[in-house]
Amino acid sequence: MRTPGGLLSVRIGTRTALTLVLLTAAALFAAVVVIGSGDYPMSPATVLTTLTGGGTAAQEFIVQDLRLPRALVGLLVGTALGLGGAVFQSVTRNPLGSPDVIGFGQGATVGALCSIVLFHGGAGQTAAGAVVGGLATGACIYLLAWKRGVHGYRLVLVGIGSAAMLTAVTQYLITKADIVDATRAVLWMTGTLDGADWGQVWPMLGVAAVLVPLTLGHARQLRMMEMGDDAAYALGVPVQRTRILLMACAVLLVATATAAAGPITFVSLSAPQLARRVTRAPGPNLAASALMGALLLCAADLLATHAFGGRQLPAGVVTAVVGGVYLLWLLVTERRAGRI
């Protein structure tokens, strides 16, 4: 596709385009099912009718005020995690280069726990602490990994070491907290969409509206950088500036997602890999990864709500269990391929 005058051209494969459409439809359908789930169940048709203004007063209250924010937070958080994971895996050229593996998610968790334990902050202060912690961790890891540029394996190794240290800090903060703050901290650390409201939707939507188009707009440069810094320089890509910009966008997306829903693990690890397999296209697959992340988180929320009888689990528990199995499979696959 080319704009008039040839100022912008985009090449999209048929399979990739079809996959994006199907992922969008699946994610939206999962969100509709999430809205219709609960003590007052509604069919997808009823949910759509209510969203378009045709429901009763009770249905409009349940959908608009209670359940729609949860579905939107799930879509936005999943999108941010999937897109952030795709950027980091592309920058590090490593399928294990996920924000929740190399320390960025742990940094956001430490920031949030500092707000809860040390300052007894509320929901707003906890969210701000998560964002500050994620950004500070991203800056520290980048500086520690810098040596005439940032290279993939060095960034992964520094990130894994930082993640271990930050996990220790998290455990220390919990042991120093009183029983009320410790309970709040542990509940927040599970990662959940329960209790999501419009106060979480609008900040997440504002960040996504700015950073998602900005990141997708650099997909071409990111794909060139996967060929190596020298090749990218030869093709006119300002490698270090582009890398810093994309990593900053990815860190902010992940930190904001963590602030909105807690540290939901393994979505940023698995979404890019699953997107690459369904599109069968080279490159970072940023758009497909974002949509896959939204679908995975909404599906995990549905599974956590309905798969265990009358007990509802946090979505982060489901993503941790499924993601842990996926990580083991990925490690075995990479080892057999001789890449690790």
Side-chain angles (χ1 to χ4, degrees), residues 1 10-34 71 74-101 208 212-213 215-220 222-227 246 250 253-254 257 264-304 307 315 318-337 339-340:
M1 294 184 294
V10 179
R11 182 179 181 181
I12 302 178
T14 303
R15 182 186 178 93
T16 300
L18 180 60
T19 300
L20 293 178
V21 172
L22 293 177
L23 287 175
T24 301
L28 292 177
F29 178 76
V32 169
V33 177
V34 168
L75 290 173
L76 291 169
V77 169
T79 297
L81 293 176
L83 186 56
V87 169
F88 275 107
Q89 290 183 23
S90 179
V91 168
T92 61
R93 303 172 200 165
N94 191 320
L96 298 178
S98 171
D100 48 11
V101 173
V212 170
T215 304
L216 294 179
H218 288 79
R220 186 173 183 180
L222 190 60
R223 182 173 181 179
M224 293 179 184
M225 288 166 57
E226 288 185 342
M227 297 185 294
L246 288 173
L253 283 169
V254 172
I264 295 179
T265 56
F266 290 112
V267 172
S268 55
L269 172 70
S270 56
Q273 294 300 311
L274 293 175
R276 185 185 294 265
R277 282 167 171 78
V278 296
T279 60
R280 296 182 184 176
N285 288 285
L286 297 182
S289 299
L291 293 172
M292 182 65 75
L295 174 59
L296 287 178
L297 186 50
C298 286
D301 191 31
L302 281 174
L303 187 62
V318 176
T319 60
V321 172
V322 177
V325 175
Y326 177 81
L327 177 60
L328 291 175
W329 175 85
L330 182 62
L331 288 170
V332 171
T333 302
E334 292 294 305
R335 181 176 177 83
R336 287 178 178 175
R339 289 187 286 267
I340 59 174

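Treat the numbers as computed from the prediction; the structure is a model and nothing was measured. Positions are given from 1, in the same order as the sequence printed here.
The minimum heavy-atom distance linking G82 with A271 is given by the pair CA-CB, 4.0 Å. Shortest non-hydrogen contact noted between R93 and M225 is NH2-O, 3.1 Å. Annotation for V267 and P272: closest pair O-CD, 4.1 Å, computed over non-hydrogen atoms. P99 and G85 get closest at one heavy-atom pair: CD-CA, 3.8 Å. Shown here for V87 and L222, the closest heavy-atom pair between the two residues is CA-CD2, 4.4 Å.
Proximity of a side-chain donor or acceptor of Q89 to a complementary backbone N or O of L269 within less than 3.5 Å is detected. Using modelled atom types, one side-chain atom of R15 and one backbone atom of V278 make a donor-acceptor pair closer than 3.5 Å.
Going from atom CD of Q273 over to atom OG of S98 covers 9.5 Å, rounded to the nearest 0.5 Å. Atom-to-atom distance recorded for R223:CZ and E226:CD is 8.0 Å, nearest 0.5 angstrom.
Checked options L81, I264, L303; the residue passing with T319 is I264 (criterion: side chain to side chain contact (heavy atoms under 4.5 Å, CB included)).
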Exercise for the section: Begin with the C-alpha distance, continue with both residues' side-chain angles, and end with the deciding distance and a verdict on side chain to side chain contact (heavy atoms under 4.5 Å, CB included) for L83 and L216. Expected result: CA-CA 9 Å; L83 186 56; L216 294 179; 4.1 Å; yes

Could you pull out all donor-acceptor pairs under 3.5 Å where a side-chain atom in residues 20-33 meets a protein atom, sequence neighbours excluded?
| from | atom 1 | to | atom 2 | distance (Å) |
| --- | --- | --- | --- | --- |
| T24 | OG1 | L20 | O | 2.8 |

Return a table of donor-acceptor pairs under 3.5 angstrom between the side chains of residues 284-298 and protein atoms on other chains or two or more places apart.
| from | atom 1 | to | atom 2 | distance (Å) |
| --- | --- | --- | --- | --- |
| N285 | OD1 | T279 | OG1 | 3.0 |
| N285 | ND2 | A281 | O | 3.0 |
| N285 | ND2 | G283 | O | 3.1 |
| S289 | OG | N285 | O | 2.7 |

